[in-house]
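Sequence lines set the chain letters: A, B, ... in the order given, protein chains first and strands last, and positions in each chain run from 1.
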Amino acid sequence: MTPARAWKALSPLVFSPPIRFLSQSLPEASRIVGSTPMRLSRYFLPILRDTPKDAEIASHRLMLRAGMIRQEAAGIYSFLPLGLRVLKRIEQIVREEQNRAGAIELLMPTIQLAELWRTSGRYDAYGPEMLRIKDQRGRELLYGPTNEDMITDIFRNFVRTYRELPKILYHIQWKFRDEIRPRFGVMRGREFLMKDAYSFDLDEAAARLSYNKMFVAYLRTFARMGLKAIPMRAETGPIGGDLSHEFLILAETGESAVYCNRDVLNLPVPGADVDYDADLTPYIRPWTQFYAATEDVHDPARFEHEVPPEKRLHTRGIEVGQIFYFGTKYSDPMQAYVAGPDGMRRPVHGGSYGVGVSRLVAAIIEAFHDDAGIKWPEPVAPFKTIVLNLRQGDGATDAASEGLYQALSHRGVEVLYHDLDERQGAKFAVADLIGIPWQVMVGPRGLAEGKVEVKSRADGSQELMTPAAAIDRLAG
RNA sequence: CAGGGCGUAGCGCAGUCCGGCAGCGCUCCUGGCUUGGAACCAGGAGGUCGUAGGUUCGAAUCCUACCGCCCUGACCA
């Protein structure tokens with residue numbers, strides 16, 4: 001049947017309902033996974049009242065208590081519904097900024113052939129932290145700890161000429177590194193979700209442009225999550241040069257000691273309108289002109305010479321991203337060559353750019369929490385608002401809460417409705433623990449004046465307003 | 001991997017030294033009474049004491065081996 005005949009075959013009668021269905025479901029479908037409104041009585045949120053003894057740092061403790069994760073083995077976790085929502089939000093921000101910078105998404109498998117790693121010479125070089133396995137035919141496989149080898153293999157199979165450059169390819173995939181000692185929950189798990197991008201350019205000068213794109217994309221990515229991530233000069237390994245930076249967020253519980261000039265904390269982040277095809281150095285230079293280094297590369301003499309005493313900041317940080325240029329490290333042994341303008345084949349210059357997506361969930365909590373629980377920045381929060389019915393079972397309160405929940409849902413607000421038959425105190429505690437940015441408290445006391453109370457989890461400020469005003473505020 | 005510690009109910013723990021009915025708090029279930037920061041009262045459910053072997057009339061407890069998990073370090077997103 002041709003498309004035209006198929007069209008005619010559908011009578012208006014049967015055709016119109018699907019159209020209406022489609023138009024209604026489109027906004028819904030365009031949302032990210034798990035982003036629908038929810039009532040707690042139907043959700044799966046296993047809150048832990050006591051602190052599990054295994055959890056030492058705040059983020060690990062809070063993720064377990066808030067029912068975000070469950071440990072399956074050392075360094076291996078299930079993401080429960082609430083945790084998955086946050087993970088997906090972070091992933092989506094990373095994705096959007098990669099796309100904005102011109103990177104192209106693909107998806108490589110978690111399992112790789114040992115043979116591939118032998119062609120790059122890394123199978124034996126990589127240590128015991130690489131999980132090596134065999135299939136039933138005795139074929140040697142491995143659970144990928146990274147994907148440079150595979151992406152280089154993909155690239156060399158399809159790209160022959162400099163005319164197709166530059167290219168930045170990325171994926172967001174689970175990886176496994178059999179760390180000697182996993183710890184701190186998903187902060188340093190063995191299995192972890194990572195965005196890794198790989199750039200391909202004809203020479204070092206071009207590679208530097210790709211590097212700059214990722215540099216700017218990372219500034220934007222972390223800023224969108226509410227984080228102040230500081231690029232710090234990092235060790236470049238055997239390649240040398242100045243093209244490697246680690247992005248760290250400052251936190252007392254961080255694993256690295258850091259030294260920097262306080263002024264980097266107030267530098268501007270490029271806006272969404274940044275032109276990635278233009279010269280990006282004006283955006284980058286301010287970030288690299290100030291001293292900022294982790295202990296590995298810290299130079300005390302330089303630090304004291306370049307940074308006035310009152311500007312010196314020595315604290316700890318959590319690495320959430322890393323970018324570096326590695327030249328022809330993989331393209332040489334794997335013969336990933338392209339023809340240049342002169343017709344001569346030469347190895348492409350590569351770089352790789354990682355973001356620890358699952359680690360960011362924990363890192364954000366380290367940056368945003370208090371004694372009562374998590375304080376999610378809105379862009380990564382599992383829900384934007386939580387409606388607390390303070391007198392469950394009371395007709396007027398139930399009706400007002402339900403109405404608020406429905407109205408917020410219809411306005412597209414991601415709302416969690418706490419409709420369990422619990423006392424207010426318990427509901428407040430849960431709301432604070434799971435860190436939803438806005439709490440709307442609906443109780444007899446406020447309703448007597450026709451008001452509900454909107455509370456900010458971030459700063460604790462509260463405001464009485466009519467339900468209609470609350471809806472406008474939260475939907476705005 | 002080295003050093004240290006821990007495996008007893010869903011969670012947190014006592015009991016192990018000195019072998020003798022498997023306990024406490026929270027959670028959970030039922031009912032009552034309550035209602036602005038994890039109330040209270042009453043009743044109830046829930047455990048192959050990490051696994052295997054050994055000693056013993058008898059093992060959570062003593063012995064041996066193994067497994068798992070956590071902490072510190074070196075390593076790492």
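Under 4.0 Å is where a charged nitrogen must lie from a carboxylate oxygen, and between A:E453 and A:K451 no such pair does.
Ring geometry for A:F326 versus A:Y330: interplanar angle over 60°, hence perpendicular rather than tilted (30 to 60°). Ring geometry for A:Y211 versus A:H245: interplanar angle of 30 to 60°, hence tilted. Below 30°, between 30° and 60°, or above 60°: for A:Y77 and A:H60 the angle between ring planes is above 60°, a perpendicular geometry.
Base pairing of B:rG31 is made with B:rC41, judged by Watson-Crick or G-U wobble geometry with both donor-acceptor distances under 3.5 Å. In this structure, B:rC62 forms a base pair with B:rG54, meeting either the Watson-Crick or the G-U wobble geometry with both donor-acceptor distances under 3.5 Å. Taking a pair to require two hydrogen-bonding distances under 3.5 Å in either a Watson-Crick or a G-U wobble arrangement, B:rC17 remains unpaired. Checking B:rC76 for Watson-Crick or G-U wobble geometry (two distances, each under 3.5 Å) identifies no partner in any strand. Nucleotide B:rC11 forms a pair with B:rG25, judged by Watson-Crick or G-U wobble geometry with both contacts under 3.5 Å.
A:G185 comes within contact range of no nucleotide atom at all, as no heavy-atom separation falls under 4.0 Å. Residue-level contact check: A:A73 touches the backbone only, with heavy atoms under 4.0 Å from sugar-phosphate atoms and none from bases. Counting any heavy atom pair closer than 4.0 Å across all strands shown, A:I180 reaches a base atom. Using a 4.0 Å heavy-atom cutoff across all strands shown, A:E246 reaches no nucleic acid atom at all. Residue contacts for A:G127: at a heavy-atom cut-off of 4.0 Å it reaches no nucleic acid atom on any strand shown. Here A:K455 lies in heavy-atom contact (under 4.0 Å) with a base. As judged by a 4.0 angstrom heavy-atom cut-off over every strand, A:E319 is placed among residues touching the sugar-phosphate backbone only. Base engagement by A:R65 is indicated by at least one non-hydrogen atom pair under 4.0 Å involving a base atom.
Distance noted for atom C1' between B:rC70 and B:rC63: 26 Å (whole Å). Taking the P atom of each, B:rU61 and B:rA45 are spaced 27 Å apart, rounded to whole Å. Rounded to a whole angstrom, the distance from the P atom of B:rA2 to that of B:rC18 is 30 Å. Comparing the same atom, P, in B:rU72 and in B:rU16 gives a spacing of 29 Å after rounding to whole Å. Straight-line distance between the C1' atoms of B:rC62 and B:rG20: roughly 14 Å, to the nearest whole Å. Spacing between B:rA39 and B:rC75 at atom P, rounded to whole Å, works out to 48 Å. Nucleotides B:rC13 and B:rC29, compared at atom P, are 24 Å apart to the nearest Å. Taking atom C1' on both B:rA60 and B:rG15, the two are 8 Å apart, rounded to the nearest angstrom.
The cationic group of A:R85 lies under 6.0 Å from the six-membered ring centre of A:F383 and within 45° of the ring axis, placing it in a cation-pi geometry. Judged by the 6.0 Å and 45° rule, A:R118 forms a cation-pi pair with A:Y123.
When the nearest nucleotides of RNA chain B are assigned to A:L193 and A:R423 by heavy-atom distance, the more 5′-ward of the two goes with A:R423. Mapping A:T51 and A:F192 onto RNA chain B via the closest heavy atom, the residue that lands nearer the 5' end is A:T51.
By the 4.5 Å heavy-atom criterion applied to side chains, A:L106 and A:Y170 are not counted as neighbours.
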A:H418 vs A:Y43, ring pair (Phe, Tyr, Trp, His ring centres under 6.0 Å): CA-CA, chis, key distance, verdict: CA-CA 10 Å; A:H418 198 323; A:Y43 204 39; over 10 Å; no

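For RNA chain B, the outermost nucleotides in 5' to 3' order that have an atom under 4.0 Å from a heavy atom of chain A are B:rC1 to B:rA77.
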